[in-house]
Amino acid sequence: MTITSSIASAPAILHLEDSDDFAALFESLLGGSGFAVHRAHTLQECEAAACAADFACAFVDLGLPDAAGLEAVMALRSAAPSLPLVVLSGEDTTSAAVKAMLLGAQDWIAKREVTTERLSRAAHLAIARQDAQAQLAWRASHDELTSLPNRPLAVEHLARALGRVSRGSGSVGVLFGDLDNFKSLNDRLGHAAGDRALATVSHRLIVAVRPGDMVARWGGDEFLIIADGIDDAAQCATLARRVREAVARPIAIATGEETITMTIGVALETGAGSAHFAVETADQAMLSAKRGGVGLIVA
C-alpha cells in the first residue's frame, strides 16, 4: 500500500484487516459511498499509514497476526490520538465493545452486520464525534474571546518547559503583562469596545513574540508569555520591550483611536521552582513596575 503525505480527494478511510476476503467486501460496501478505502494488513503497517497521511477515520479488526484483542485500539490511539476509530469484530461481545469505547473507539460493529449503510453511518458518526470532542477540548483550554491558550494550559506548558531546562541548560522567560488603565477604557467606551481592544492586543502579542513562544490570556486584561530557550535577562528584557512597543500602537476603537500600554514583569527561571512560583515572581515584578511607573521590571 502506498500512502502519500496528504490525501486530498474523497475522505480517506484506513482499514486494518488481515483477511483478503473481508477487506474486499469492506471496500465494495464502503468504497461506493463517497469514501476512498486504504487497507493495512498489519498493525505495524496501519500505524505507519496513520502517521504518514490524513485519514478521516479508521476501521480496525481485532483479530490480527501482530496484535491480540484490543491491543490494536490502544496502539492506534497512541500513534494517532486524533484519528476516529471504529472496531470491527467477528464476535458480538458487549463487554469487549464497552472496553473498546473506554479506550477511545467511537463505535463497534460486528462483522456479520456490515452493510453499506451501517459502515457509512459509522464512519460519519465517528468523524462527527471526534470533531465534537476536539472542539470541546479546545474550548476547555483556550480563551473564547481571544482564542489564546487559557490559564490551565499556560501553566501546563510552563511546567513542561521548566522540566526541560531543569534536565538540560538554558532558561525560561516568564513575562506577566497587565494593560494599563483598561478599566477606564471599558467604562468610557463600553465592554464591546474593550473586547475589540483585547482581541487586537492578543494579535499584536502573537506577532511580537518569537516563534515557539506561548502567549496566553491569564485573565481579564492580564497576559502571560512563556519564552523557552532564553539565554539571559537581557534577552528577556529585549523581548518585553518589543511586546510593549507592539501593544502601545494606537488601536482603532469606536469612533477614534485609543492608545493602550502594558506593564510587564519578567522572571527568568532555570527550572528549580514550580510553574506557579514562576508566574507569581513575574506577577510581583509587574506590580513593582506599576508602583514605580517604569513599565518593565526583570526580577
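All values derive from a computational prediction rather than experimental measurement.
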Sorted by chain and number, sequence neighbours left out, side chain to side chain donor-acceptor pair (under 3.5 Å) with Asp180 holds for Thr261, Thr263, Lys290
Please report the shortest heavy-atom distance between Gly194 and Phe182, naming the atom on each side. O-CZ, 3.4 Å
Apply side chain to side chain donor-acceptor pair (under 3.5 Å) to Gln130 and list each qualifying residue two or more places apart in sequence or on a separate chain. Gln106
Nearest non-hydrogen partners of Val215 and Pro149, listed with the distance: O-CD, 3.1 Å
Identify, with sequence neighbours excluded, every residue that meets side chain to side chain donor-acceptor pair (under 3.5 Å) alongside Arg242. none
Cluster membership besides Leu102, Ile/Leu/Val/Met/Phe/Trp/Tyr side chains within less than 4.5 angstrom, sorted by chain and number, is Val98
Please check if atom CZ in Arg210 has more than 12 non-hydrogen atoms from other residues, nucleotides or ligands closer than 6.0 Å. yes
Check side-chain contact (heavy atoms from CB on, under 4.5 Å) between Ser166 and all other residues, then give those that pass, not counting sequence neighbours. none
Under 3.5 Å, side chain of Arg39 to main-chain N/O of Glu17, donor-acceptor pair present? yes
Is there side-chain contact between Val201 and Thr146, with heavy atoms separated by less than 4.5 Å? no
In this structure, would Leu76 and Val73 fall into the same cluster of hydrophobic residues linked by side-chain contacts under 4.5 Å? yes
Is there side-chain contact between Arg204 and Arg249, with heavy atoms separated by less than 4.5 Å? yes
Using 0.5 Å steps for rounding, measure from the CG atom of Leu198 to the CG atom of Leu148. 10.0 Å
Do Leu83 and Trp138 share a hydrophobic cluster (ILVMFWY, side-chain heavy atoms under 4.5 Å, transitive)? no
Linking I/L/V/M/F/W/Y whenever their side-chain heavy atoms sit closer than 4.5 Å, directly or via other members, would Met101 and Val60 fall into one cluster? yes
Check for me whether the distance between the ring centres of His15 and Phe55 falls short of 6.0 Å. no
Would you call Val37 and Phe59 a side-chain contact if the rule is heavy atoms closer than 4.5 Å? no
Value for CG (Leu103) from CG (Leu85), rounded to nearest 0.5 Å, stands at 10.0 Å
His157 NE2: over 12 foreign heavy atoms closer than 6.0 Å: yes
Roughly how far apart are Ser184 OG and Glu258 CD, rounded to 0.5 Å? 8.5 Å
Does any non-hydrogen side-chain atom of Leu239 lie less than 4.5 Å from one of Asp213? yes
Please table the atom pairs, donor to acceptor, closer than 3.5 Å between any side-chain atom in residues 62-71 and protein atoms at least two apart or in another chain.
residue	atom	partner	partner atom	Å
Asp66	OD1	Leu43	N	3.1
Asp66	OD2	Leu43	N	3.0
Asp66	OD2	Gln44	N	3.2
Glu71	OE1	Ala68	N	3.3

Do any N or O atoms from the side chain of Arg217 and from the backbone of Gly220 form a donor-acceptor pair under 3.5 angstrom? yes
same_hphob_cluster(Val207, Ile225) at 4.5 Å side-chain heavy-atom cutoff: no
Main-chain N/O of Thr116 paired with Ser120 side-chain donor or acceptor, under 3.5 Å: no
If you look at every heavy atom in Ala154 and Ala216, which pair is closest and at what distance? CB-CB, 3.6 Å
For Asn150, enumerate each residue passing the side chain to side chain donor-acceptor pair (under 3.5 Å) test, keeping only those at least two apart in sequence or located in another chain. none
If you measure from the Lys or Arg side-chain nitrogens to the Asp or Glu carboxylate oxygens, is any gap between Asp221 and Lys183 under 4.0 Å? no
With salt bridge (charged side-chain N to carboxylate O under 4.0 Å, His left out) as the criterion, how do Arg118 and Asp107 come out once you've worked through the C-alpha distance, each side chain's angles and the decisive distance to 0.1 Å? CA-CA 11 Å; Arg118 181 73 175 92; Asp107 205 347; 3.5 Å; yes
So how far is it from Asp18 CG to Glu45 CD, rounded to the nearest 0.5 Å? 11.5 Å
Ion pair present between Glu245 and Arg241, side-chain N to carboxylate O less than 4.0 angstrom? no
Apply side-chain contact (heavy atoms from CB on, under 4.5 Å) to Ala240 and list each qualifying residue two or more places apart in sequence or on a separate chain. Leu175, Ile264, Val266, Leu296
Might you confirm whether atom NZ of Lys111 has over 12 heavy atoms from other residues, nucleotides or ligands at distances under 6.0 Å? yes
Which value, rounded to the nearest 0.5 Å, describes the distance between Asp178 atom CG and Met262 atom CE? 7.5 Å
Once rounded to the nearest 0.5 Å, what's the spacing between atom NE2 of His41 and atom CG of Asp20? 5.5 Å
With the side chain counted from C-beta on, respond yes when Arg164 and Arg167 share a heavy-atom pair under 4.5 Å apart, and no when they do not. yes
Co-members of the apolar cluster containing Ile230 [side chain, <4.5 Å]: Leu268
Mind checking what makes side-chain contact (heavy atoms from CB on, under 4.5 Å) contact with Val114, not counting sequence neighbours? Phe22, Leu25, Leu29, Leu88, Ile109, Leu119
Transitive ILVMFWY cluster of Val279, excluding itself - 4.5 Å side-chain cut-off: Leu153, Val155, Leu158, Leu162, Val165, Val172, Val174, Phe176, Met214, Trp218, Leu224, Ile226, Met286, Leu287
Identify the heavy atoms of Cys51 and Ala79 that sit nearest to each other, and give their distance. SG-O, 3.8 Å
Note, Gln235 side chain near Asp232 side chain (heavy atom, < 4.5 Å): yes
Ala192: what forms a side-chain contact (heavy atoms from CB on, under 4.5 Å) with it, not counting sequence neighbours? Arg196
Do side-chain atoms of Thr281 reach the backbone of Phe277 as a donor and acceptor pair under 3.5 angstrom? yes
Minimal non-hydrogen separation, Leu14 against Cys46, with atom names: CD2-SG, 3.4 Å
Within a radius of less than 6.0 Å around CG of Asn181, do more than 12 heavy atoms belonging to other residues, nucleotides or ligands occur? no
How far apart are the closest heavy atoms of Ala97 and Trp108, and which atoms are they? CA-CE3, 3.3 Å
